[in-house]
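The structure under discussion appears below in the form of structure tokens.
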Amino acid sequence: MIRENLERLRSGIPAHVRLVAVSKFKPAADIMEAYNAGQRDFGENYVQELTGKAGELPPDIRWHFIGHLQTNKVKYIAPFVHLIHSVDSAKLLKEIHRQGAANGRVIECLLQVHIAREETKSGLSGEEFLALLADPGLKALDHVRVTGVMGMSTFTDDRDVVRSEFRELKRIFEAGKALWPEMTEISMGMSGDWPLAVEEGSTMVRIGSTIFGARN
Ligand SMILES: *Cc1c(COP(=O)(O)O)cnc(C)c1O
């Protein structure tokens, strides 16, 4: 089932868009099924769950952290995490830099920008995002590499709303790129909205339930 779901998805996603399989709450056996079907990029939301799974699953998996990250937990994922999608403050970025240095690594990060109508979703405002990129202090954080943005749309059936939010993220990304040319990635699109996200310029989709089934 997981293999078939992945193959169906892959045939619909353009080659320039990376598929991150979101495996939160799913057992290691499900991840192995996707792994055996060739999947290597997996996304997790919780630090403890991620470290547990990373310890028992193949070392060539690229682990993406996509959930809200507390500063005091960065140290647990810094030794191995491939990409942190959810950086939402300068303070968090500084701590990732510190832990990157402690592990002799440069940790790739995306800045999460708030585009949804819901207040509950986290992320920087457009102005905060641009201010962070314009801050000369960013260049000194040489154990982090900021390569793009991440955003989540409003949970709604209204496609016009979702499309306009993705378009807004793309616009903010372009404004950021003018300040920080290293930015190439736009992480947007989940099970319910990824085709729209791809139409609006996504370079990375984060898909869980379409691959692994509904979460309990
Ligand atoms: C859970 C989650 C996803 C995947 O959601 P699905 O609707 O199951 O595809 C993607 N991104 C983030 C940030 C998530 O928390």
Side-chain angles (χ1 to χ4, degrees), residues 1-13 17-27 30-31 33-34 37 39-51 53 61-70 73-74 77 81-89 92 96 108-124 129 147-159 161-163 165-166 168-170 172-173 185-216:
M1 202 48 185
I2 289 173
R3 175 183 290 270
E4 286 75 13
N5 292 344
L6 262 175
E7 282 167 1
R8 200 170 324 111
L9 256 178
R10 284 208 196 100
S11 66
I13 296 174
V17 176
R18 195 157 20 142
L19 169 60
V20 178
V22 176
S23 47
K24 61 173 176 246
F25 304 147
K26 296 296 177 181
D30 286 10
I31 297 175
E33 208 175 320
Q39 183 65 27
R40 290 295 180 273
D41 290 277
F42 290 90
E44 289 281 341
N45 289 60
Y46 303 96
V47 167
Q48 204 175 347
E49 186 178 352
L50 171 54
T51 54
K53 286 173 174 173
I61 287 180
R62 293 183 290 267
W63 292 105
H64 297 243
F65 192 83
I66 64 171
H68 181 67
L69 183 56
Q70 286 172 274
K73 298 213 169 140
V74 174
I77 63 171
V81 70
H82 175 69
L83 172 61
I84 300 175
H85 290 231
S86 44
V87 177
D88 60 359
S89 71
L92 181 57
I96 298 169
E108 192 178 338
C109 296
L110 307 180
L111 299 176
Q112 183 172 354
V113 179
H114 187 277
I115 50 169
R117 291 179 176 179
E118 295 131 309
E119 282 301 319
T120 50
K121 292 196 173 139
S122 49
L124 300 155
F129 164 72
T147 58
V149 296
M150 186 272 254
M152 290 169 84
S153 69
T154 302
F155 186 72
T156 171
D157 289 332
D158 189 335
R159 293 166 53 90
V161 168
V162 173
R163 186 184 292 283
E165 289 169 355
F166 286 150
E168 174 65 6
L169 185 59
K170 166 84 171 171
I172 293 169
F173 164 82
E185 303 293 339
I186 307 178
S187 169
M188 62 183 186
M190 307 178 15
S191 289
D193 57 18
W194 71 262
L196 277 179
V198 167
E199 282 175 27
E200 297 302 327
S202 172
T203 67
M204 218 182 279
V205 291
R206 310 174 310 270
I207 299 181
S209 36
T210 298
I211 298 170
F212 296 109
R215 287 178 294 273
N216 298 323

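These values consider heavy atoms only, across backbone and side chains, with no hydrogens, waters or symmetry-generated copies. Every value quoted in this text rests on a predicted model; they were computed, and no experiment measured them. All residue numbers refer to positions in the sequence shown, counting from 1. In listed order, ligands and their atoms are each counted from 1.
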Specify whether Y46 and F25 have parallel, tilted or perpendicular ring planes, treating 30° as the upper limit for parallel and 60° as the lower limit for perpendicular. parallel
With the threshold set at 4.0 Å, does a side-chain nitrogen-carboxylate oxygen contact exist between R163 and E200? yes
Around D157, counting heavy atoms of other residues, nucleotides and ligands shown, do more than 12 lie under 6.0 Å from its CG? no
Checking contacts here: is it the side chain or the backbone of N45 that comes within 4.0 Å of ligand 1, counting heavy atoms only? Could be both or neither. side chain
If you have a sec, work out which protein heavy atom is nearest atom 9 (O) of ligand 1 and how many Å separate them, to one decimal? S191 OG, 2.6 Å
As an exercise, identify every atom of ligand 1 less than 4.0 angstrom from a heavy atom of M152. 13 (C)
Assess whether a salt bridge exists between E49 and K24, defined as any Lys/Arg side-chain N lying under 4.0 Å from an Asp/Glu carboxylate O. no
Give the residue and atom name of whichever protein heavy atom lies nearest to atom 11 (N) of ligand 1, and the separation in Å to one decimal. R206 NE, 2.9 Å
Does a sphere of radius 6.0 Å around CD in E4 hold more than 12 heavy atoms from other residues, nucleotides or ligands, not counting ones at 6.0 Å or beyond? yes
With a cut-off of 3.5 Å and sequence neighbours excluded, list every side-chain donor-acceptor pair involving residues 6-13.
unit_1 : atom_1 : unit_2 : atom_2 : d
R10    : NH1    : A37    : O      : 3.4
R10    : NH2    : A37    : O      : 3.3
R10    : NH2    : Q39    : OE1    : 3.4
S11    : OG     : R8     : O      : 2.7

Look at ligand 1 and say whether H85 reaches it with a heavy atom at a distance under 4.0 Å. no
Residue portion contacting ligand 1 (non-hydrogen atoms closer than 4.0 Å) for K24: side chain
Do any N/O atoms on I66 end up under 3.5 angstrom from N/O atoms on ligand 1? no
If you have a sec, work out which protein heavy atom is nearest atom 5 (O) of ligand 1 and how many Å separate them, to one decimal? M190 CE, 3.5 Å
Contact check, I207 vs ligand 1, heavy-atom distance below 4.0 Å: yes
Partner set under ring-ring contact (aromatic ring centres under 6.0 Å, His included) for H85, not counting sequence neighbours: H64
